[in-house]
Amino acid sequence: MNSMSWSAIVAVARHPSLWWTAICQAQRLAMPGWWHQWPPVPVMPEPYLQFRLVTAYGDPGADLDPYDVVTYLRWCRTWRSLER
């Protein structure tokens, strides 16, 4: 996990209201069978992550902005509440 990933985790940790949403999204976006690989961490498949980085920043190697992660999770929480 690179330092930008840790920055995103710290950013989300500062927003307890987003913790449940972050857990749900991690489960939805994780590679199938992620628990069979060491370390057992629910991470996105690399091609999907690169696709999302291209659509967000125009570069598959771009650093993930922690503010964008928090904004995305807020959007997911709002969207989920609208589905009910």
Side-chain angles (χ1 to χ4, degrees):
M1 195 175 292
N2 63 32
S3 61
M4 190 51 65
S5 297
W6 284 112
S7 297
I9 291 169
V10 169
V12 172
R14 291 181 180 150
H15 298 276
S17 65
L18 296 176
W19 292 356
W20 182 249
T21 303
I23 290 168
C24 291
Q25 285 307 114
Q27 289 176 341
R28 285 185 178 118
L29 298 175
M31 291 186 298
W34 60 267
W35 56 88
H36 295 295
Q37 298 176 358
W38 191 258
V41 178
V43 295
M44 285 186 269
E46 190 64 29
Y48 178 73
L49 178 58
Q50 289 178 349
F51 167 75
R52 298 309 304 160
L53 290 171
V54 167
T55 59
Y57 306 111
D59 179 8
D63 287 334
L64 189 58
D65 184 338
Y67 175 78
D68 290 342
V69 174
V70 170
T71 302
Y72 167 72
L73 290 173
R74 285 182 177 147
W75 177 83
C76 290
R77 184 183 60 194
T78 302
W79 185 256
R80 207 170 61 188
S81 70
L82 292 174
E83 288 181 327
R84 294 181 197 156

Worksheet item: For Tyr67, does the OH atom sit with more than 12 other heavy atoms under 6.0 Å from it, leaving out its own atoms?
Response: no
Item to complete: Let me see the working for Ser17 and Arg74 under side chain to side chain donor-acceptor pair (under 3.5 Å), right down to the final yes or no.
Response: CA-CA 9 Å; Ser17 65; Arg74 285 182 177 147; over 6 Å; no
Fill in: Shortest non-hydrogen contact between Asp63 and Tyr57, atoms and distance
O-CE1, 3.9 Å
Practice prompt. Determine whether Val70 and Leu18 make a side-chain contact, defined as any pair of heavy atoms from C-beta on separated by less than 4.5 Å.
Written response: yes
Practice prompt. Provide the closest heavy-atom pair for Trp34 versus Val41 in the form atom of the first, atom of the second, distance.
Written response: CE3-C, 3.5 Å
Practice prompt. For the residue pair Trp79 and Trp75, categorise the inter-ring angle as parallel (less than 30°), tilted (30 to 60°) or perpendicular (more than 60°).
Written response: parallel
Discussion item. If hydrophobic clusters are built from ILVMFWY residues whose side chains come within less than 4.5 Å, do Tyr72 and Leu49 share one?
Written reply: yes
Discussion item. Using every non-hydrogen atom in the two residues, find where Ala30 and Pro45 come nearest and quote the distance to one decimal.
Written reply: C-CD, 4.5 Å
Item to complete: Return the minimal non-hydrogen interatomic distance between Val12 and Trp19, and the atom names on each side.
Response: O-NE1, 3.2 Å
Worksheet entry | For Thr21 against Leu73, the heavy-atom pair lying closest together | CG2-O, 3.5 Å
Item to complete: Could you tell me the separation between the NE2 atom of His15 and the CZ atom of Arg77, rounded to the nearest 0.5 Å?
Response: 10.0 Å
Discussion item. Return the CG to CZ distance between Leu29 and Arg52, rounded to the nearest 0.5 Å.
Written reply: 9.0 Å
Response to the item:
Closest non-hydrogen atoms of Met44 and Met31, given as atom of the first, atom of the second and distance, are C-CG, 4.0 Å
Practice prompt. Report yes or no: do Tyr48 and Leu64 belong to one cluster of Ile/Leu/Val/Met/Phe/Trp/Tyr joined by side chain heavy-atom distances under 4.5 Å?
Written response: yes
Worksheet entry | Thr55 OG1 to Gln50 CD distance, which is reported to the nearest 0.5 Å | 12.0 Å
